[in-house]
Amino acid sequence: MDWRISLFSRDKRTHLHTAIVLILSVLFLFLGPQFAALTGNVFTTLFYYPFFKLRDKVSHLAATAEDNVSLRTSIVELTTKLQFYDEAMQENRRLKLLMEFVPPSGYRVLPAKIITVSGVGIPNTVQINLGSDQGLRENFTVIDPRGVAGRVAQVTPAHSMVYLLTEPRCRVSARVKRSRELGIIRFSMSRGMFLDNVPTQGDVRVGDTIISSGLGGLFPEGLIIGTVIDLDTPERGFFFDISLVPAVDFNALEELYVLVPER
Amino acid sequence: MRAIPYLLCLFFIAFFYTNLSDLLAIGPARIMLVAAAVLFVALYREYLISLWFACAAGFVYDVRDPSHLGAHMLILAILSIATSFAREHFNLASIRSQIILLTIGLILYAVPTTLIYGTSGVTEFWGLLWSWAFPSIIYTAALSAAVLVLFSGRWLKFPNQAGY
């Protein structure tokens with residue numbers, strides 16, 4: 001047969017190699033398990049171990065990447081929670097302040113949420129979520145846990161507009177808590193909050209607390225308005241120039257409370 | 001220096017069975033890289049080179065499972081001899097005939113390999129042949145055909161009715 005001739009007509013070298021390969025294979029096949037295990041160990045270390053190591057590293061990296069994603073998610077969740085708790089803590093602090101606040105007798109406190117704030121430079125008007133449906137009327141006093149914030153100016157069934165003390169149209173009859181000197185609280189963009197109409201003979205000092213006097217009937221008596229920070233006696237004129245720092249931070253208003261007269 | 005590409009190929013076989021085999025498996029079908037590599041070398045290289053490469057590739061494959069050490073060496077060496085023989089005696093210049101030879105080679109590799117692993121009985125042998133060998137033969141043959149079609153004439157230059 002032609003192919004047999006071809007197969008066996010190769011040179012001796014080729015036959016020798018073929019024989020060596022086949023014998024080697026059979027030899028490996030029939031060698032004892034100990035030799036096979038030893039050979040396996042040696043050559044696995046040579047051929048496979050670096051790749052096993054590589055695979056381990058890659059899977060470790062993949063696991064780390066998964067961990068990273070999950071940790072990032074956790075960080076976002078926890079940060080959000082933390083912000084929420086931080087906000088709750090601040091609210092708690094404000095509410096504690098409010099709890100310490102005792103409304104004047106004959107009034108109850110109605111909490112209101114601020115809807116909008118308006119004003120140039122400093123807020124002077126806010127809109128709150130209470131209206132005539134909740135029993136609000138014009139000129140009701142609006143407070144913040146720290147002191148007087150303003151008064152209700154306009155009322156609709158569901159909302160009300162509040163003039164803050166920073167609104168020039170909102171004036172309060174006030175007195176010095178210590179000496180009971182009377183005056184009027186005003187606000188101007190140039191001077192800020194000041195106590196007007198206190199005669200130069202009056203007893204006023206820097207650091208005095210100014211409270212509402214209750215005169216005029218709009219604001220109940222005894223609510224804190226601010227503290228005297230500067231006092232000038234003009235050369236000409238009958239009244240002190242008294243600058244105040246308001247008790248309420250009008251730039252950081254969060255919740256307001258309306259004092260509703262009890263019937 | 002001539003041995004370096006073959007050595008790299010052996011390392012690639014080791015890398016493939018360590019890292020890529022499971023990754024590239026489609027269901028039960030796995031790429032029979034060691035058989036395909038031996039068949040390609042037998043088709044395109046000299047007899048002695050392909051013979052020793054088959055022996056070495058079989059050895060590298062076997063050391064993963066030392067209980068069958070020598071089995072793949074023998075199967076792949078015989079496969080390499082048979083392929084070289086076929087190359088000498090049949091006209092394999094066309095890609096189609098090369099693909100047919102590769103497929104037959106894969107079948108010839110898969111059947112004894114299944115015999116090695118499916119040792120507990122005829123049922124297990126047929127089960128393994130049906131569930132693993134056939135899908136793997138089809139998968140590997142399809143990939144080999146794609147390699148042949150893409151690279152034939154460029155990287156894979158079929159020798160003239162080659163001598164060895």
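Below, chains carry the letters A, B, ... as their sequence lines are ordered, and counting in each starts from 1. On a predicted model such as this, the values are computed, not experimentally measured, just so you know.
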*Asks:* Would a 4.5 Å heavy-atom cut-off, applied to side chains only, mark A:Phe52 and B:Asn19 as touching?
*Replies:* no

*Asks:* Parallel, tilted or perpendicular for A:Phe28 and B:Phe59, by the 30°/60° rule?
*Replies:* tilted

*Asks:* Please lay out, stage by stage, how B:Leu48 and A:Arg13 fare under the test side-chain contact (heavy atoms from CB on, under 4.5 Å).
*Replies:* CA-CA 9 Å; B:Leu48 283 182; A:Arg13 189 169 150 262; 3.6 Å; yes

*Asks:* Are more than 12 heavy atoms, taken from residues, nucleotides or ligands other than A:Glu262, located less than 6.0 Å from that residue's CD atom?
*Replies:* yes

*Asks:* For the candidates B:Asp62, B:Leu76, B:Thr18, B:Ile13, which exhibits the highest count of non-hydrogen atom pairs separated by less than 4.5 Å from chain A?
*Replies:* B:Thr18

*Asks:* Is the number of heavy atoms from other residues, nucleotides or ligands under 6.0 Å of A:Ile224 CD1 greater than 12?
*Replies:* no

*Asks:* For the OG atom of A:Ser25 and the CD1 atom of B:Ile75, what is their distance to the nearest 0.5 Å?
*Replies:* 10.0 Å

*Asks:* I'd like to know whether CZ of B:Arg96 has more than 12 heavy-atom contacts from other residues, nucleotides or ligands below 6.0 angstrom.
*Replies:* no

*Asks:* Might you point out which heavy atoms bring B:Ala77 and A:Leu22 nearest each other, and give the distance in Å?
*Replies:* CB-CD2, 4.3 Å

*Asks:* Using the rule given for side-chain contact (heavy atoms from CB on, under 4.5 Å), can you reason through B:Ile81 versus A:Thr18, listing the C-alpha separation, both sets of side-chain angles and the distance that settles it, and then say yes or no?
*Replies:* CA-CA 8 Å; B:Ile81 295 168; A:Thr18 311; 3.6 Å; yes

*Asks:* Check whether A:Thr44 reaches the backbone of B:Val63 with its side chain - one donor and one acceptor, N or O, closer than 3.5 Å.
*Replies:* yes

*Asks:* For A:Tyr48, is there any backbone N or O sitting under 3.5 Å from a side-chain donor or acceptor partner on B:Tyr17?
*Replies:* no

*Asks:* Between A:Pro33, A:Ala36, A:Ser59, which has the largest tally of heavy atom pairs under 4.5 Å with chain B?
*Replies:* A:Ala36

*Asks:* According to the interplanar angle, ranging from 0 to 90°, do the rings of A:Phe51 and B:Phe11 count as parallel (below 30°), tilted (30 to 60°) or perpendicular (above 60°)?
*Replies:* perpendicular

*Asks:* If I compare all heavy atoms of A:Leu29 with all of B:His68, which pair ends up nearest, and what's the gap?
*Replies:* CD1-O, 4.5 Å

*Asks:* Take B:Leu69 and A:Phe43 through the test side-chain contact (heavy atoms from CB on, under 4.5 Å) and record every step on the way to the result.
*Replies:* CA-CA 11 Å; B:Leu69 193 69; A:Phe43 286 94; over 6 Å; no

*Asks:* What are the two closest non-hydrogen atoms of A:Gly40 and B:Pro66, and how far apart are they?
*Replies:* CA-CG, 3.8 Å

